[in-house]
Amino acid sequence: MVRRLLLALFVTPFALAIGLTLVDRYRREGKNSSPFPRSVPTEVEVEDGSVTVYTYGQDLYDAMLAAIDGAQHQILFETYIWKGDEVGESFKRALAAAADRGVKVYCVYDAFANLVVSPRFKRFPSNVNVLRFPIYNAGFRFWDFRHYGRDHRKIMVVDDTVAFLGGYNIGAPYATEWRDTHVAITGPAVWDVMRAFADFWNLHRRHRLRPSEQPLLLEAKAPWQAHIRLSRNVPRLMMFPIRSMYLDAINRAGERIWMTHAYFIPDQDFVDALLLAADRGVDIRILLPHRSNHIVADWISRGYYGQLLAAGVRIFRYQGAMVHAKTSTIDGNWTTVGTANIDRLSLTGNYEINVEIIDESMARAMEEIFRVDLTNCVELTREEWDRREWHRKFTEAVLAPLGPLL
Ligand SMILES: O=P(O)(O)OC[C@H](O)CO
């Protein structure tokens, strides 16, 4: 009897998650996302360089492809998802053409995220250096968690002139149907993104370096900058600074915290930091997709709404389209844009990269984008949330144990 009960407790959340996912897939079949308000790319001068914020995929892809076409020496390209559709093909073609011109091209993609992509698409010309980050990395050391984690980063560096990073994967739906955020950085901070790529490449390259070979980029010298910094999660080295970066920034906030996230499944320490900030009177707004592409993540996320709303945190739900951005701006000073979602996988599991920018003009630009996004949101009130039907509360409660897995 006890055994059956334990089994039921263990199996029910998984069975419900699978059921919900299948029904959701069926319901979405053939449905398009709605158009959403667009902000034009905004360029801001930061320190001795610039940061351009992209919030519409086609604008970003045009800029990335133009940068690839103009490359002189080297392209570093890394993506979590690289779909084999027309957008994916256009990147593959541009990278191959650059390699044919004599540009050194290095590409990394995650094998797990691209399991459904055709093997034909994953064949590259021999002059393009490709690292397929394997599905399983631990070999016989299956107990060693440093060898787990997906490569969830999305970055590109062209020569030493421009670096792109943010939430955008590569694929046709992201060009027009998803609202996401990426930045293009010029100036000394490009070095940090090159370094991030090179460290990953050197750590995971398929064979040990022969004496005749140089590791990628070790000769480049680091600039020291106060206003723009990179945080990278590197499971292999047990480094997870992005969570700390967020907690530090939230704890420092005195006026406002405006966050935009695709998947919001924080740990309780993260929630507590937000609740403390709300308690000190900070205006906290969290913008989330009303319905994301992962229905189970949505349900688990909802399990946190009660305590956040009760503390005065405002939740805005984006309508009609997937918002996939991973950004926050605080106190009109601090901004982060990156690849990390607020969930366990991103904050303590995967390879991730976020840029942290302390600059008033940048924060102003991000706040303006947030205001534009708000015009496509409906605010969820505490009264409305408290009145939700019992079966919704039941679903949240049954799925809650899956939170730490996501
Ligand atoms: O893992 P992310 O944040 O890049 O999101 C990817 C999508 O969820 C793919 O289904």
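Keep in mind it's a predicted model, so treat the numbers as computed, not measured.
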(request) Any chance you could lay out the salt bridge (charged side-chain N to carboxylate O under 4.0 Å, His left out) test for Asp283 and Arg285, step after step, and finish with the verdict? (result) CA-CA 7 Å; Asp283 161 22; Arg285 303 179 188 198; 3.0 Å; yes
(request) Return the orientation label for the Phe200 and His204 ring planes: parallel under 30°, perpendicular over 60°, tilted otherwise. (result) tilted
(message) Check the orientation of Tyr106 and Phe197. Use parallel for under 30°, tilted for 30 to 60°, and perpendicular for over 60°.
(response) perpendicular
Can you name the nearest heavy-atom pair linking [X] to [Y], along with the distance?
{"X": "Leu76", "Y": "Met194", "result": "CD1-CA, 4.0 Å"}
{"X": "Ala67", "Y": "Met156", "result": "CB-CE, 4.2 Å"}
{"X": "Phe240", "Y": "Asn350", "result": "CE2-O, 4.4 Å"}
{"X": "Trp82", "Y": "Phe124", "result": "CH2-CE2, 3.6 Å"}
{"X": "Val128", "Y": "Ala99", "result": "CG2-CB, 3.9 Å"}
{"X": "Val271", "Y": "Pro266", "result": "CG2-CG, 3.5 Å"}

Would one find more than 12 heavy atoms of other residues, nucleotides or ligands at under 6.0 Å from atom [atom1] of [X]?
{"X": "Asp69", "atom1": "CG", "value": "yes"}
{"X": "Glu360", "atom1": "CD", "value": "no"}
{"X": "Glu45", "atom1": "CD", "value": "no"}
{"X": "Arg28", "atom1": "CZ", "value": "yes"}
{"X": "Arg195", "atom1": "CZ", "value": "yes"}
{"X": "Tyr148", "atom1": "OH", "value": "yes"}

(message) Under the ring pair (Phe, Tyr, Trp, His ring centres under 6.0 Å) test against Phe133, which residue among Tyr351, Trp201, Phe112 passes?
(response) Tyr351
(message) Tell me which one of Tyr168, Tyr174, Phe164, Tyr56 satisfies ring pair (Phe, Tyr, Trp, His ring centres under 6.0 Å) with His182.
(response) Tyr168
Is a side-chain donor or acceptor of [X] paired with a backbone partner of [Y] at a separation under 3.5 angstrom?
{"X": "Tyr136", "Y": "Gly139", "value": "yes"}
{"X": "Ser33", "Y": "Ala321", "value": "no"}
{"X": "Lys31", "Y": "Arg27", "value": "yes"}
{"X": "Asn341", "Y": "Ser346", "value": "no"}
{"X": "Asp151", "Y": "Asp110", "value": "no"}

Using only heavy-atom distances, determine whether the side chains of [X] and [Y] contain a donor-acceptor pair under 3.5 Å.
{"X": "Thr181", "Y": "Thr327", "answer": "no"}
{"X": "Thr335", "Y": "Thr329", "answer": "yes"}
{"X": "Tyr263", "Y": "Asn293", "answer": "yes"}
{"X": "Trp299", "Y": "Glu396", "answer": "no"}
{"X": "Asn354", "Y": "Ser231", "answer": "no"}

(request) Go through the steps to decide whether Arg291 and Asp24 satisfy the test salt bridge (charged side-chain N to carboxylate O under 4.0 Å, His left out), and finish with yes or no. (result) CA-CA 10 Å; Arg291 290 195 181 79; Asp24 188 54; over 6 Å; no
(message) Would Arg387 and Trp385 count as a cation-pi pair here, with the cationic atom under 6.0 angstrom from the ring centre and within 45° of the axis?
(response) no
(request) State, with a plain yes or no, whether a side-chain heavy atom of Arg153 is found less than 4.5 Å away from one of Ile155. (result) yes
(request) Please check if the distance between the ring centroids of Tyr80 and His152 is under 6.0 Å. (result) yes
(request) Indicate yes or no: does Asp85 engage Lys83 in a salt bridge with an N to O separation below 4.0 Å. (result) no
